[in-house]
Amino acid sequence: MASLEKIHYAKPSVTDLEIAYVTDAITNGWGEHCYDYITKFENAFKKYLGVEFAVATSSCTGALHLALAVLNVGYGDEIIIGDINWIASVAPVVYLGAKPVFVDVLPDSWCIDPERIEEAITPRTKAIIAVHLYGNLAEMDRIMAVARKHNLYVIEDAAEALGSEYRGKKAGSIAHFGVFSFHGTKTVSTGEGGMLVTNQEDLFKAACILANHGRNPEVKKMFFPDRIGYKYKLSNLQAAMGLAQVERVDELVSKKREIFFQYRNSLSVLPELSFNPEPPHTINSYWMPTVIFDRKLKINRDQVIKHFKDKYVDMRPFFYPLSSLPMFDKKLTNTVSYDTYERGINLPSYYDLNQENVEFICKQLRDFLKEKCRK
């Protein structure tokens, strides 16, 4: 690899198919055809997931906001969520005036711990947000059982887990709602965008109204919203790219898995590293191959990221515990979350990453650890 060739941590795969669909959309997708690709994208996506209903949105954050709003989440309500997550998974809770309740995560998957959920339930609890982190899967059977026992809603945040499967079901298709991201870093991308899915028609209809400025399609008056809604629609141009990407989704997910196993096989000589898990009842789409350094190495992830930056390789740090951010109160009792984040990094993973790139990254990581161990 040339010394100045930069390896990014993520970028989309764009082929002639995406270019053809977007060209058609920008050329012909106006007037009565302005929703054509949106409809095709939604239909293709729900078919892939095996769900009844899908609403394309301008972001996953918007999709999550819609889901919570449909459930009438508001002031005084509590929403339980794992402490290790990106801010987008909790921001809509705050938008609506509800209180996020941060609970600890499991040490192997870094997803929400079902036992901690049950301990955190109060009379004010309204819903649980189960985030499938980095492609890893939350224990949905246990989470759904807790929700049924306490009459709670569950939202799957599958922004990072498109293509992952839990007991034969696609991530995002199991709970009352599933939400997805098509950000430029995601396996399937529209640049920016999201999707809200459900199997319940009443929830779907309510979400459609809220996503379109509160306009009810059953009300025949033009420009007559009957409630305050949001502007969370995806554009036809973005949907054109999304349709092409969904038509290639198996290919895109397969490449993610291939890259992950290249990393794991090459780094298997380093027993001090932990990787994304894949329990027997799951298939992991490995959106972000993730490495956790054994605490005995005393390695801070910022040191590793700096080392790779000097080699023109982008790395991502593991997410901070949400409760450690300045807008929330620290919850140091979430010991797994606070013990894990400083030791974790995400390795580059995108469709055009080749074997030579992966081997370069692995060699640099092995050399870095050898140097650290000598000190």
Side-chain angles (χ1 to χ4, degrees), residues 7-14 45 48-49 59-61 63-64 82 84-89 105-106 108-112 129-140 156-166 169-174 178-195 197 241-242 245-246 248-264 267 274-279 282-292 301 313-319 340-341 344-353 357-358 361:
I7 298 176
H8 302 276
Y9 66 77
K11 60 180 181 179
S13 168
V14 179
F45 194 79
Y48 173 71
L49 280 191
S59 69
C60 184
T61 308
L64 182 53
I84 288 279
N85 283 304
W86 174 229
I87 189 67
S89 295
V105 298
L106 294 169
D108 52 356
S109 67
W110 323 308
C111 296
I112 192 167
I129 298 175
V131 182
H132 301 307
L133 199 69
Y134 303 136
N136 308 341
L137 289 150
E139 285 295 338
M140 292 308 299
E156 283 181 84
D157 184 339
E160 302 174 6
L162 182 61
S164 293
E165 296 184 18
Y166 180 87
K169 295 181 179 180
K170 290 285 197 300
S173 70
I174 302 165
V179 297
F180 294 84
S181 170
F182 307 124
H183 182 265
T185 61
K186 297 301 190 292
T187 304
V188 163
S189 176
T190 59
E192 284 284 0
M195 191 77 76
V197 303
M241 180 175 174
Q245 294 265 285
V246 170
R248 298 177 54 217
V249 64
D250 290 332
E251 169 194 0
L252 297 172
V253 171
S254 292
K255 185 60 185 287
K256 284 283 191 179
R257 288 178 56 81
E258 177 186 322
I259 290 168
F260 173 82
F261 288 115
Q262 288 172 356
Y263 277 127
R264 197 178 70 176
L267 295 171
S274 300
F275 298 89
N276 309 60
E278 188 175 58
T282 71
I283 295 174
N284 196 324
S285 61
Y286 298 118
W287 171 62
M288 276 286 164
T290 301
V291 168
I292 304 294
R301 80 286 182 80
V313 178
D314 282 342
M315 293 280 183
R316 285 173 36 126
F318 202 89
F319 289 135
T340 303
Y341 82 97
I345 58 170
N346 305 132
L347 304 175
S349 179
Y350 51 92
Y351 190 86
D352 294 328
L353 198 72
N357 298 142
V358 173
I361 293 166

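Please read all numbers here as calculations on a predicted model, not as lab measurements. Just so you know, residue 1 is the first one in the sequence shown, and it goes up from there. Keep in mind that the numbers below use all heavy atoms, side chains included, and drop hydrogens, waters and symmetry copies.
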task = Kindly determine whether Y351 and E251 satisfy side chain to side chain contact (heavy atoms under 4.5 Å, CB included), including the steps that lead there.
result = CA-CA 9 Å; Y351 190 86; E251 169 194 0; 2.5 Å; yes

ask   = Going through the distances and angles, do Y350 and I7 end up as a side chain to side chain contact (heavy atoms under 4.5 Å, CB included)?
value = CA-CA 10 Å; Y350 51 92; I7 298 176; 3.7 Å; yes

ask   = For T187 and Q245, which heavy atoms make the closest approach, and how far apart are they?
value = O-OE1, 3.8 Å

query = Taking all non-hydrogen atoms of both residues, which atom of C60 and which atom of F180 are closest, and how far apart?
reply = CB-O, 3.2 Å

inquiry  = Tell me whether T290 contacts the main-chain N or O of M288 through its side chain, where contact means a donor paired with an acceptor under 3.5 Å.
reply    = yes

message = Donor-acceptor pair, distance only, cut-off 3.5 Å: does the side chain of S285 make one with the backbone of V253?
response = no

task = Only one of L133, L106, V131, I112 passes side chain to side chain contact (heavy atoms under 4.5 Å, CB included) with I84; say which it is.
result = L133

task = Could you tell me whether a side-chain N or O of S89 sits under 3.5 Å from a main-chain N or O of N85, the two making a donor and an acceptor?
result = no

query = What is the minimum heavy-atom distance between L353 and K255, and which atoms define it?
reply = O-NZ, 3.4 Å

message = Distance check, rounded to the nearest 0.5 Å: T340 atom OG1 versus R301 atom CZ?
response = 11.0 Å

task = Please test F319 against Y134 for ring-ring contact (aromatic ring centres under 6.0 Å, His included), starting from the C-alpha separation and ending with a verdict.
result = CA-CA 10 Å; F319 289 135; Y134 303 136; 5.3 Å; yes

request  = For the pair S189 (side chain) and K186 (backbone), establish whether a donor and an acceptor sit closer than 3.5 Å, ignoring hydrogens and angles.
outcome  = no

inquiry  = Between T185 and R316, do the side chains contain a donor N or O and an acceptor N or O under 3.5 Å apart?
reply    = no

message = Test your reading of the model: is there a side-chain donor-acceptor pair from N136 to the backbone of S109, 3.5 Å cut-off?
response = yes

request  = Compute both the distance and the angle, then confirm whether R264 meets the cation-pi test with F275: under 6.0 Å from the six-membered ring centre, within 45 degrees of the axis.
outcome  = no

request  = Kindly compute the distance separating OG1 (T61) from NE2 (H183), expressed to the nearest 0.5 Å.
outcome  = 9.5 Å

query = Can you tell me how far the CD1 atom of I259 sits from the CG atom of D352, to the nearest 0.5 Å?
reply = 9.0 Å

inquiry  = Is the shortest side-chain heavy-atom distance between N346 and W287 below 4.5 Å?
reply    = no

inquiry  = With rounding to the nearest 0.5 angstrom, report the NZ to CD1 distance, K169 to I283.
reply    = 14.5 Å

message = Which label fits F182 and F45: parallel for a plane angle under 30°, tilted from 30 to 60°, or perpendicular past 60°?
response = perpendicular

request  = Find the distance between CG (L137) and OG (S164) and round it off to the nearest 0.5 Å.
outcome  = 4.5 Å

ask   = Does the E156 side chain pair with the main chain of I174, one donor and one acceptor, at a distance under 3.5 Å?
value = yes

ask   = How close do S349 and K256 get, heavy atom to heavy atom, and via which atoms?
value = O-NZ, 2.9 Å

ask   = Hey, does N357 have a side-chain heavy atom less than 4.5 Å from the side chain of P348?
value = no

ask   = Which heavy-atom pair separates V197 from M195 by the least distance, and what is that distance?
value = CG1-CG, 3.9 Å

ask   = So which heavy atom on E278 is nearest to which on N284, and how close?
value = OE2-N, 2.9 Å

ask   = Is the side chain of R248 donor-acceptor paired with the backbone N or O of S13 at a distance under 3.5 Å, no angle test?
value = yes

request  = Take Y48 and V249, measure what side chain to side chain contact (heavy atoms under 4.5 Å, CB included) needs, and give me the verdict at the end.
outcome  = CA-CA 9 Å; Y48 173 71; V249 64; 3.5 Å; yes

inquiry  = In the structure I gave you, are the side-chain heavy atoms of L162 and K170 within less than 4.5 Å of one another anywhere?
reply    = no

query = Is the F318 ring parallel, tilted or perpendicular to the W110 ring (thresholds 30°, 60°)?
reply = perpendicular

ask   = Are the side chain of Y341 and the backbone N or O of P317 linked by a donor-acceptor pair below 3.5 Å?
value = no

ask   = If you measure only the distance, is there a donor-acceptor pair under 3.5 Å linking the side chains of H132 and E160?
value = no

